[in-house]
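Step one of this worksheet: look at the structure below.
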Amino acid sequence: MHLQTVLHRRVRGEGEQQFVYLANSAAILALDAPTMGVVEAFAQESGRDSRQWLAEQAEPERAEETLHDLIDLGVVRPVGEPDAPRAKLPPMPFPLATLVLNVTNKCNLSCTYCYEYGDDKIGAGQGQNGKARMDDKTARDSIDFLMRSSGARPQVSITFFGGETLLNFDAIRTATEYAEQQAAQHGKRVHYSLTTNATLLSDEIVDFLTQHRFGITVSIDGGRQDQDRHRTYKSGKGSFDVIEPRIRHLVAQNRQRNGRAIGARVTVTAGATPVVETYRYLTEELGFDEVGFAPVTASLERDYALGDGGYERLLEEFAVLADDYVAAALNDRPHGFSNLGDLIRELHQGVHKAHPCGAGLGLLGVSTEGELGLCHRFVESKSHSVGSVHDGIDEAVRTDFLEKAHVDNKTDCTQCFAKPLCAGGCYHEAHVRYGEATRANVHYCEWIRGFVDLGLRSYARIQATNPKFLLRFEQS
Ligand code: SF4
Ligand code: SF4
């Protein structure tokens, strides 16, 4: 019989231990060296005749046993045997888990990469017709909508976004206080979060956010030099001196109240300080609990775009920080490199995505006027409207989009080992690049595969030497 391995990735842990990641089930299996040798033997594009292969083995009985084990584990199968079909969608209407309220579409900074790369803003132009600020009524209507649309979920999340979110603190306070009341009536718990540039974090706002246990993400690019290079006011003045004392106050107050982790979100541009140094500065000097890095989204003509070799360099820097993460894990210490922490959690939980993210499924965005979009980035896009908080979700439009966006419809992704985690990538980025939100983001495949590979290697090293560290990722 002609046999072949399923789509997989082989990874080495520490020492002799080796692992295989299966793309059709998202399982990670630890294999000894002889078993990995059998996997390698059948990892040929056209498969291999198993009888002929067995005849060539020094210990055919043992080899046959190993081969049968691999067949039972779903690593090897007859050539041409298809994957088991997957459900197109969960039962619809799917209950909402998260609502992202765009409380304003204005910002008090004019960061170079945000304003110059205007195409990135899907609502640009259309947004000018929308209100700059969400009013209190729309904020309350959004909460009512979330309570109605979240079915029997015991916990829901409300995320506030902008523009600069804190330019409309009134709507945040109104929505939060109203959500507390409504959650009590509906028997639900609510988790709040927001993203901010930190320029407006007054003592009063910090007090409110920490009191309500907000998950807070600060957009910051590093120390003074990195921050002031692109994150400037309209006058061109850098924002570092304004945000630094505010962040220190936020971190101190949050610690005192035993709040949720405070994260930094760094946009990586060409010429920026290496991520390891930035990570150390943000955690050790400013006190952030977690740091996530995102390569800048920019036209290649921009001098801050990650042009030739930029992504490779970033992956190398990620690998250095991943070594730090693994070293901490081996000593049972948590580490705040959130890109890697999130990936290791997904690998450990066997996350197997049919859709790249929750947009349109468990998550929707709300515009300042109450229009519903697939997520916060689509809220002012008329072409991706899925209803309004006043009239509810247009379920036909939502279902149609999700069916088209299923990873099985993305032929570019068919042979990719990273698809259980990537599933084609961000809809918004695909819309900006290709004019079609349901297309695969093939422009960043190498970056994604390189990062998933790094995640698999890090996972394998931890699994091989201190597996109990991974217990923290087990779902209760
Ligand atoms: S977009 Fe690229 S990296 Fe992502 S699943 Fe598809 S082929 Fe793989
Ligand atoms: S990944 Fe893209 S489409 Fe999904 S929620 Fe984030 S911005 Fe929206």
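Atoms within a ligand are numbered from 1 in the order they appear, just like the ligands themselves.
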Checklist entry - Is there a side-chain contact between His348 and Glu474 (heavy atoms, below 4.5 Å)? => result yes

Item to check | Side chain proximity check, Asn168 to Ile172, heavy atoms < 4.5 angstrom | outcome: no

Item to check | Trace of the side chain to side chain donor-acceptor pair (under 3.5 Å) decision for Asn339 with Tyr325 | outcome: CA-CA 11 Å; Asn339 305 67; Tyr325 185 105; over 6 Å; no

Item to check | Sub-4.0 Å heavy-atom contact, Gly425 with ligand 1 | outcome: no

Checklist entry - Heavy-atom contact under 4.0 Å between Val442 and ligand 1? => result no

Checklist entry - Quick one: does Asn197's side chain have a donor or acceptor within less than 3.5 Å of a partner on Thr199's backbone? => result yes

Closer than 4.0 Å to some heavy atom of [X] - which atoms of ligand 1 meet that?
X	result
Gly424	1 (S), 4 (Fe), 5 (S)
Asp412	7 (S)
Lys419	5 (S)
Cys445	1 (S), 2 (Fe), 3 (S), 7 (S)
Cys422	1 (S), 3 (S), 4 (Fe), 5 (S)
Cys416	3 (S), 5 (S), 7 (S), 8 (Fe)

Next on the checklist: Tell me whether the rings of Phe337 and His335 are parallel (<30°), tilted (30 to 60°) or perpendicular (>60°).
Outcome noted: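 Because their plane-to-plane angle is over 60°, the rings of Phe337 and His335 count as perpendicular.
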
Next on the checklist: For Phe160 and Phe214, take the angle between the two ring planes, folded into 0 to 90°, and tell me which bin it lands in: parallel under 30, tilted 30 to 60, perpendicular over 60.
Outcome noted: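 Plane angle under 30°, so parallel.
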
Next on the checklist: Strictly under 2.8 Å, is atom 8 (Fe) of ligand 2 approached by any N, O or S atom of Cys375?
Outcome noted: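 An N, O or S atom of Cys375 is closer than 2.8 Å to atom 8 (Fe) of ligand 2, so yes.
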
Checklist entry - Quick one: which of Cys413, Ala430, Ala423 has a heavy atom closest to atom 6 (Fe) of ligand 1? => result Cys413

Nearest neighbour in protein (non-hydrogen) for [atom]:
atom	answer
atom 3 (S) of ligand 2	Tyr427 N, 3.6 Å
atom 7 (S) of ligand 1	Arg449 NH2, 3.5 Å
atom 2 (Fe) of ligand 2	Cys426 SG, 2.3 Å
atom 4 (Fe) of ligand 2	Cys357 SG, 2.3 Å

Between the side chains of [Y] and [X], is the shortest nitrogen-to-carboxylate-oxygen separation below 4.0 Å, so that they form an ion pair?
X	Y	result
Glu446	Arg449	no
Lys404	Asp400	yes
Arg439	Asp412	no

